[in-house]
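Remember, it's a predicted structure, so these values are computed and weren't measured experimentally.
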Amino acid sequence: PRLDIAHSQFFALPLSGLTEQSTTELFKNKSAGYSLSSIEKANLMRLTEGHPLYVSMLAAQRLSRNKDLSQILSEVEASRSDAPAKILRSTYQLLTVEQMEILRTLAELERPEDESALEEVTGKRYNKLVKAIKRLRDLSLIIERQDFSGKTLIDLHPLVRQFLRKEYPKKDRETFIGRIILYFDRQISLVVREKNAPIPRNVLDVWIHKIEVLCNHHNWPDAIQEVMKIEYELARSGLTEEVARIGLRIFQGVNWLEAIEQTKEFRRFISEVCQSLSYTGDHSSVEKWLKHYSDSVGSRAADKQNIFETHAFDAWLRHDYATAIQFAQSAGRRQAVRARCPNGRALVRAAGPVAATGAPAG
């Protein structure tokens, strides 16, 4: 199926299933030469629609279990769910507790990790981890990738990750998410920085990954807090679009009324995310979310001023200076809008001397 992932480095390319001939060949290669009968071939195509992941999983089951393929397919069909879930669940049940734990850890991660990272997160001994990973790979439950340096990374197929997240309720996932957050915190704390020294890009990547895991678990207060810790560093590193991307995800998931009451930095978070959207040119999203802000929680003076200032900033970047000045004046002060640019020094002022020149003072 088509996959849509909200990430600046993701591009969706939908593919159709394999032909019957290709499905037969793939199954043969993955099952040590097993030849499908005409009935097995028809049932396999009907269940998998030629999806290579599911074909590979069923072939792995044929290798792993002392059963005919017809019996395996019958057991899969007896399950009360859609075909993909049937196949995934029947494969998942072949695992040991240790293998399940590794798979569930991978399911809560948003990005592939190497074996040393998984060893630290799971607490498994390296030899046991490698043995379990081999078993998971043989069952086509995990895939291996290589980064630009040639290091091998372990990942889940997106459909396997989706299945595991749906299979377990939020409470059952907390243990695995907690271990992952502790691992991220240890990685981040290893960086000793002098005052005003930039955070290295690799550490920012770890931090972003931590925020994404928090979002997956709907831990919006902590996710907002973590974004605000590094939003300046992201902008300074040229990653303004990451603030916008993660911010939109939080906007869509968070209860705004609860957040404005319970999360101390939520107002500033709204402003920073909208400014990032303005910098990336997504002015329609700024308009949409400021309207949502106003409709849901924008009745208090502090919220009205925040809305006016953010509108002024967005209008100024659109070169609509008259509107920017109007919103700035509505905010109730002479120099109402002061927004830090990615280099952390320049200021955009939408009032006072700027009104006379018609051009940004910053």
Between Trp220 and His218, what is the ring plane arrangement, given parallel below 30°, perpendicular above 60°, and tilted in between? parallel

Leu18 pairs by side chain to side chain contact (heavy atoms under 4.5 Å, CB included) with which of Leu26, Thr48, Thr24, Val55? Leu26

Is the shortest side-chain heavy-atom distance between Phe176 and Glu101 below 4.5 Å? yes

Contact between Leu277 and Asp314 at the side-chain level, heavy atoms closer than 4.5 Å - yes or no? no

Gln61 and Ser90 side chains, donor-acceptor separation under 3.5 Å: yes

Looking at Arg245 and Glu212, does any basic side-chain N land under 4.0 Å from a carboxylate oxygen? yes

Would you say the side-chain atoms of Ser116 and Asp114 include a donor-acceptor pair closer than 3.5 Å? yes

Could you check whether Phe313 and Tyr279 have their ring centres less than 6.0 Å apart? yes

Other residues, nucleotides and ligands only: do more than 12 of their heavy atoms fall within 6.0 Å of CG on Leu182? yes

Looking at Glu231 and Arg268, is any side-chain nitrogen of the basic one under 4.0 Å from a carboxylate oxygen of the acidic one? yes

Show, in sequence, the C-alpha distance, side-chain angles and deciding distance for Asp147 and Ser149, and conclude whether the side chain to side chain donor-acceptor pair (under 3.5 Å) test is met. CA-CA 5 Å; Asp147 64 11; Ser149 66; 2.8 Å; yes

ring-ring contact (aromatic ring centres under 6.0 Å, His included) between Trp207 and His209: does it pass, once the steps are laid out? CA-CA 5 Å; Trp207 220 315; His209 196 172; over 10 Å; no

Given side chains that start at C-beta, do those of Leu94 and Arg135 come closer than 4.5 Å, heavy atoms only? yes

For Lys229, look at atom NZ and say whether over 12 heavy atoms of other residues, nucleotides or ligands are found less than 6.0 Å away. yes

Side chains of Gln275 and Ser271: donor-acceptor distance under 3.5 Å anywhere? yes

Are Met57 and Lys30 packed together at the side-chain level, in the sense that at least one heavy-atom pair is separated by less than 4.5 angstrom? no

Is any side-chain heavy atom of Leu109 closer than 4.5 Å to a side-chain heavy atom of Val121? no

Do Met45 and Ile87 belong to the same hydrophobic cluster, where Ile, Leu, Val, Met, Phe, Trp and Tyr are linked whenever their side-chain heavy atoms lie under 4.5 Å apart, directly or via other members? no

Counting C-beta onward and ignoring hydrogens, is there a side-chain heavy-atom pair between Glu40 and Phe27 closer than 4.5 Å? no

Are any of the side-chain heavy atoms of Val206 and Asn202 separated by less than 4.5 Å? no

Are Tyr183 and Tyr126 linked, directly or through other ILVMFWY residues, by side chains that come within less than 4.5 angstrom of each other? no

When hydrophobic residues are tied together by side-chain contacts of less than 4.5 Å, even through go-betweens, does Ile143 share a cluster with Leu153? no

Name the orientation class of the two ring planes belonging to Phe251 and Trp256 (parallel below 30°, tilted from 30 to 60°, perpendicular beyond 60°). tilted

